[in-house]
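Inspection log for the structure reproduced underneath, given as structure tokens.
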Amino acid sequence: MAVSFLSHELSDLCIGKPALKSLPISASVGEALFALRQSGQTYVSVWTSDSSKTETKSCAGKLCMVDILCYLCAKDNISSPAAALKNPVSVLLSKEAAALVRCVESHSRVIDALDLILEGAHILLVPIRSRKKLQPHHSGIFCWLTPEDFARFFFNSISVFSPIAACSVTQLGLVRSTDILAVHHHDPALSALPLIHRALAEQTSVAVVTDDRKLIGEISPSTLTGCDESLAAALAVLSAGDFMAYIDWCTSPPDAAVRALKSLLKKKGMQEMVELMDVVSRPVFSSSTSSSSDEEGEIRKRPGRLRRLGSYSSRMGRRSEEAIVCHPGSSLVAVMMQALAHRVGYVWVVEEDYGLVGIVVLRDILKVFRDQFAEQFLLC
């Protein structure tokens with residue numbers, strides 16, 4: 001079993017993975033937004049190169065819808081989101097952006113690639129194999145792997161790591177109980193903006209709690225990635241609790257909720273946010289196009305929202321009020337099943353009365369596996 005485990009290459013994790021959409025560093029924020037909406041992917045990669053030497057192309061970072069939402073709601077952009085969309089995509093990339101994305105060969109060992117994840121990489125870019133040849137790095141044709149892919153791989157080989165699979169997350173020291181990202185349900189959602197941005201960077205989530213620290217839901221970047229840019233309008237004026245509810249409607253909010261949100265925006269003088277919502281919901285068909293189908297008529301009202309399928313959680317019917325939770329005594333394997341079933345990189349830890357204890361993060365679980373692997377197979 002040990003020899004078999006060591007023989008796995010990174011290409012084993014890439015089976016069925018689609019090519020990652022890429023953009024040049026010269027693209028605008030609006031073009032990045034368009035690429036995300038049209039591709040339906042969680043991320044797009046941004047590439048830079050010497051214009052005279054294609055082979056020197058390198059990845060400058062990755063972007064998702066959450067980056068754009070946070071950018072549109074930033075102090076300098078919230079009053080003029082349309083102008084912000086015209087800025088170069090480089091404004092969305094932090095100084096550490098390039099270090100969060102690492103290019104690796106498909107023949108690399110899984111255990112070696114895992115070390116890159118544990119060193120801080122968010123995504124590994126792997127050249128896609130074709131029937132004829134392996135695509136070179138400078139071609140820009142890559143699939144991507146995240147900590148979730150590695151967690152799924154280890155979960156499928158969980159018997160190798162017995163008996164830690166049955167140990168509780170508390171016994172394994174996996175519960176992060178300090179510096180938890182949380183906001184009260186009555187706080188302005190906009191006050192949670194730094195926390196959302198940090199949750200994205202840490203691949204966790206923002207807890208929404210009552211005054212006595214009971215968990216009532218979450219604002220999860222993994223859910224926000226399935227929304228469109230009109231959600232920036234809700235983030236700008238709603239409370240955290242109301243924003244949490246609006247997230248669940250993001251693909252097709254009720255007309256009454258849209259009208260109420262627009263009314264709040266107008267009262268606060270945020271007319272450009274109203275216009276942003278109108279742009280997203282603007283019909284793509286001309287008024288002269290005839291149709292006898294009422295269903296088609298409804299689709300035309302908000303094609304922008306229906307263009308994206310939404311996050312995995314929203315498609316499976318999980319609402320933001322239904323945060324993924326476990327208890328301090330939950331076993332490692334049970335927590336992994338929760339996280340992988342719902343396609344999230346964390347699980348909240350709560351008491352029986354939903355008092356918030358902490359959070360378990362997939363990256364910490366992967367470190368436990370790596371440590372066990374080193375101990376069992378003498379790998380350092």
Side-chain angles (χ1 to χ4, degrees), residues 65-66 69-70 73 169-170 174-227 231-254 256-258 260-261 264 310-330 334-335 337-362:
M65 186 62 70
V66 185
L69 290 174
C70 290
C73 288
V169 289
T170 300
L174 288 171
V175 182
R176 296 185 184 184
S177 57
T178 59
D179 199 22
I180 301 300
L181 305 181
V183 62
H184 291 100
H185 66 97
H186 50 69
D187 290 339
L190 198 58
S191 68
L193 192 62
L195 300 182
I196 296 171
H197 198 272
R198 195 174 142 197
L200 177 65
E202 297 177 2
Q203 298 178 310
T204 57
S205 185
V206 179
V208 179
V209 298
T210 60
D211 291 335
D212 56 351
R213 297 286 290 182
K214 298 291 193 302
L215 181 68
I216 59 174
E218 64 177 346
I219 300 174
S220 172
S222 65
T223 302
L224 296 178
T225 55
C227 300
L231 198 65
L235 180 57
V237 295
L238 297 181
S239 68
D242 289 340
F243 179 66
M244 185 174 64
Y246 199 89
I247 292 171
D248 297 324
W249 294 329
C250 69
T251 54
S252 186
V258 173
L261 178 55
L264 279 173
S311 68
Y312 178 86
S313 295
S314 63
R315 296 199 303 273
M316 295 303 291
R318 183 173 75 86
R319 299 177 65 84
S320 296
E321 293 92 338
E322 299 169 348
I324 307 305
V325 301
C326 69
H327 299 295
S330 297
V335 172
M337 287 178 65
Q338 281 274 72
L340 294 174
H342 294 281
R343 304 291 300 273
V344 294
Y346 58 89
V347 176
W348 295 107
V349 183
V350 298
E351 299 288 1
E352 292 294 336
D353 62 354
Y354 269 68
L356 183 59
V357 175
I359 191 171
V360 175
V361 182
L362 274 187

**Request:** Looking only at non-hydrogen atoms, find the nearest pair between Val66 and Pro221 and report the distance.
**Result:** CG2-O, 3.5 Å
**Prompt:** Quick check: does any side chain N or O of Glu351 sit under 3.5 Å from a backbone N or O of Val357, one acting as donor and the other as acceptor?
**Reply:** no
**Request:** Give, for atom CG of Leu356 and atom CG of Asp212, the distance between the pair rounded to the nearest 0.5 Å.
**Result:** 11.5 Å
**Request:** Grab the two heavy atoms, one from Trp348 and one from Ile180, that are nearest each other, plus how far apart they are.
**Result:** CZ3-CG2, 3.8 Å
**Prompt:** Do Tyr346 and Arg176 come close enough that some side-chain heavy atom pair is under 4.5 Å?
**Reply:** no
**Request:** Report the relative orientation of the aromatic rings in Trp249 and Tyr246; use parallel for angles under 30°, tilted for 30 to 60°, perpendicular for over 60°.
**Result:** perpendicular
**Message:** With a 4.5 Å cut-off on side-chain heavy atoms, are Thr210 and Tyr354 touching?
**Reply:** no
**Asked** Taking atom OG of Ser220 and atom CD1 of Ile324, what is their separation to the nearest 0.5 Å?
**Response** 9.0 Å
**Message:** For a quick test of reading the model, state the closest non-hydrogen atom pair linking Leu190 to Ala236 and the distance between them.
**Reply:** CD2-O, 4.1 Å
**Asked** Would you say Ser205's side chain and Ile219's backbone share a donor-acceptor pair under 3.5 angstrom?
**Response** yes
**Prompt:** In Å, rounded to the nearest 0.5 Å, how long is the span from CG of Leu195 to CD of Glu202?
**Reply:** 9.5 Å
**Request:** Would you indicate whether the side-chain heavy atoms of Val208 and Val183 approach each other to under 4.5 Å?
**Result:** yes
**Complete:** On a heavy-atom basis, the closest approach of Pro328 and Thr170 is O-OG1, 2.6 Å
**Prompt:** Do Met65 and Leu231 have side-chain heavy atoms sitting under 4.5 Å apart?
**Reply:** no
**Asked** To the nearest 0.5 Å, how far apart are CG in Leu69 and CD1 in Ile196?
**Response** 8.5 Å
**Request:** Supply the atom-to-atom distance Glu218 CD to Thr204 OG1, rounded to the nearest 0.5 angstrom.
**Result:** 10.0 Å
**Asked** Any sub-3.5 Å donor-acceptor pair from Ser222's side-chain atoms to Val344's backbone N or O?
**Response** no
**By side chain to side chain contact (heavy atoms under 4.5 Å, CB included) - contacts of Ser330 (at least two apart)** = Cys326, His327, Val335
**Message:** Looking at every non-hydrogen atom in both residues, tell me the closest pair between Cys73 and Leu235 and how far apart they are.
**Reply:** SG-CD2, 3.6 Å
**Message:** Quick check: do His186 and Asp211 have side-chain heavy atoms less than 4.5 Å from each other?
**Reply:** yes
**Asked** With side chains defined as the heavy atoms from C-beta onward, is the minimum distance between Val360 and Val175 less than 4.5 Å?
**Response** yes
**Request:** Can you measure from CG (Asp179) to CZ (Arg198) and round to the nearest 0.5 angstrom?
**Result:** 4.0 Å
**Item:** Shortest non-hydrogen contact between Leu215 and Ala323, atoms and distance
**Value:** CD2-CB, 4.0 Å
